[in-house]
Amino acid sequence: MKPPLKRVLAVDDDPDILAVVALALRTLGGLDVITAASGAEALGLLGRETVDLVLLDVMMPGIDGLETLAAMQGNPALRHIPVVLMTARVKLYEQGAEQPAGVLAIIPKPFDPVTLPRRLQTLWEGHAK
Amino acid sequence: MQPIFDTVMHPGAPQAMSSVPLHARTRLSRVLGAVRQIPGVDGAAILLAVRPEPVVVVTDGLTRIPPEVAEIAARAGEVVITEAGRFAATEVMLSGPVLPGALVVHLSPHAVWDADEHARLLGCAAWAEDVLRYAPTAAAASAEGIEFAPFIAGPARDALVLAWSSDGVVRYVSPGFEARTGWSGQDVSGIPSLSLVHPDDVSSTVEAGVEVLTNGRQSLSFRLRCRDGNYAWVEAELRADAGSAITWVTAREIDREGRLREQLATAERRNERLVSALREGVVVERRDGVVEAANPAACSALGVEASELVGRAIPAHTLRTINAPAGPEAAETPAARTFRAGEPQTDVLLAVRSADGTERSLSASTAFLDADRVVVSMTDITALKAAQDALAEREARYRTVIHNLHEGIAVFNEAGLVVELNATAEPILGLKPDELLDGPKPPSPAEVVDESGKAIADDQLPTSISRRTGTARTDAVLGVRRPGRPLRWYLVSAVPLPGGGTVASLLDYTAIKNARDEMEQRKDEFITTLSHEMRTPLMALTGSISLLQAGAAGTMPPAAGPLLQVARRNADRLVRLVNDVLDLERMIAGSLSLDLQPHDLVELVRIACDSTRPLGTDLDVGISLVAPTDPIPTMSDSDRVQQILANLLSNAIKFSPRGTAVDVRLTTTKRTARVTVRDHGPGVPKGSRDQLFSRFWQGQQPNPDRRVRGSGLGLSISRALASALGGEVGYEEPAGGGACFWVTFNLDGVRA
């Protein structure tokens, strides 16, 4: 049995969303949260920091979520880190597209941040099995 | 039978006889019994004389009875019979004392002598012959004191009777024949009968002779050769006697030439009347140009009096031939043209200028009467030509209009070939008007597609359908791609034409369609972008409020609670609006995906009621559900079913007065399940029912303070969703007021 989810990297180009998500995860979920405002920044952080899970926004300028994911998959050191995608791009989840490798879930935006810590914990536990 | 003529043909005075033996009397009675049935005997008579009594005369009433017979007849005055029907007198003869001397059977002179009657007459003759045969045994006769002779008198004196046998040889001629022709019976008896006929009339006589054998009778006229070498025109009736193979010819002399002259004169008078009554003008013109005759119609057509025309030439300046090359030929009269060409002329178009300056149009045809006369017939076509010219002008106007339209116009015949098209239609159909000069052509091949890009078969084109069904097809949007050219769009209508065929109008729709398509695409992009752009800030907003309410920022002052609720409620409303807009656009674009799973419809309805109940509680409105106890299995998308039901339920609650309940009822038929949601609110105003399901329509909120607002898209979305699930959403007005919405779900293929 794995230890419970502790440290999460949240990535979103929208600072408000990032702040809301980080606040929810910290105060309601009691998690250790580090944040990045872009894919490039996230990949940089991942090179230095250790996290249990990455909460990754899909639509971002520059290196977007899926490219960031691909970069992580291409890096043996990062490949094992589970990713939860957040997206407002409805089609991605509506059309039942194949869930990319390494992705635990796709959470459509908007979502209720109050329930987010619980969801992540559940996904983490499911992944750990 | 031949001996009849030998023996009977010699008329003579009746021979005296002393008495009539019994058997002779018997036969006499038999003969007369037969004669009695003869309605009439024409052209011959039999005189049977039995001296001293009785005397029998069978006559046609025209036959001149020899004086001595007449005398006997006069003596027997009482029994002269003038009508065929009075033969009962014969019985009188046989029985009566009124027969001291003779019986004259006087037959109707007007009766028709047919073969049958003739045969009976011959029967009489046979009897006479028999009697005559009896005579040679004169010794015995004398012994009995019998002396008698049959007598056949000729017909009326001017009747010419000739009989020939089947070998064509003359067997008998009547006294009248002898008198007129000069031939005696002895002269002609046994000679070929045709030798008595004018050579020119032989063939017609032979034909009549053949005819008479099949038809029994025939009449003809021919010339009879007389002994002096002249001929007499006779009108004759031929009758064949089948029994004796004798052809009887009863002739009457006629004045042939006089009759011909009379007939000619009659015909001429008739023709003159006919010609003058004709509406067509008729002129007879001589080679020298002089008009010999002209009927009133010709005078009026040429605008001259008859006196100015007949006996003169038609004044050259009044006539001009329109359909002839300008020059001397155009100035010729139709007759002059005919003489020059040496053949009849037809359809000569003439312009006639009358003295008063008016101009008329004539159509003339000519024919040779003889080498030096030509008859010209002419019809006044002034009105016709004026009408034609007007028609041509009108057609030219329409043609100009049609050929300058921006709309393509093409006329198709019944076989679907192009008969005519305007300039705009040329590139559309790939045809040039020149190509139609030698007959209708099909449009040049092209790929035709409908708006969805699907290829259209030739027989499904609006023109084909219109032609087949005789109905108009309007405003089909079709794409046409010709080899080597870009796809172009047309708005196509086809209307059947009176008298067959179809007219197609083709409006270039490419620019409109492209603009429309681009607009649609931009709108979609805009909405997607807008929704996305709104979702992110909305999420920040709702997320923040949510976290505040959840205590993520610590305990809030008491007054902050209601304010956060206001903020939350309105943020949620915006989220709903954005979601609804996106849903609807996806459904319109057909990109909505359904997750069909087996569900129990009763359970789905119950869940929908349960999840809407809190809203009802807030507004003091209850929900009552009536549903079957057994499950209703269905294949459906539970989220979408919930969406539809939640929409109908929340609408009903929003429009319900406080303290009332919304009635939800689930019923099924074999194939469908139906959920009705009925409230006791104000209902839908009649005038608004048509708009109920249109986008952004909202009912008048009964309680503005409730602050529960929708996007105005709920019913549109519900309807589109239900349709995607194979059902329908509708509205009906319930008895007792309020509003009632219903939704149906298809159970086909799910229920056994």
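All figures in this text were calculated on a predicted structure; none of them were measured in a lab. Sequence lines set the chain letters: A, B, ... in the order given, protein chains first and strands last, and positions in each chain run from 1.
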- Note on the structure: For B/A552 and A/T27, the nearest pair of non-hydrogen atoms, with its separation, is CB-OG1, 3.4 Å
- Task: Tell me the residues of residues 599-608 of chain B whose non-hydrogen atoms fall below 4.5 Å from those of chain A, in number order.
- Result: none
- Note on the structure: When rounded to the nearest 0.5 Å, the distance separating CG of B/L541 from CD1 of A/I17 is 10.0 Å
- Message: Counting C-beta onward and ignoring hydrogens, is there a side-chain heavy-atom pair between B/T542 and A/D112 closer than 4.5 Å?
- Response: no
- Message: To the closest 0.5 Å, what do you measure between OG1 (B/T536) and CE (A/M59)?
- Response: 8.0 Å
- How long is the span from the CG atom in A/L28 to the OG atom in B/S546, to the nearest 0.5 Å? 9.0 Å
- Message: Looking at every heavy atom in both A/D16 and B/A540, which two are closest together, and how far apart are they?
- Response: CB-CB, 3.8 Å
- Where B/L547 and A/V20 come nearest, the two heavy atoms and their spacing: CD1-O, 3.3 Å
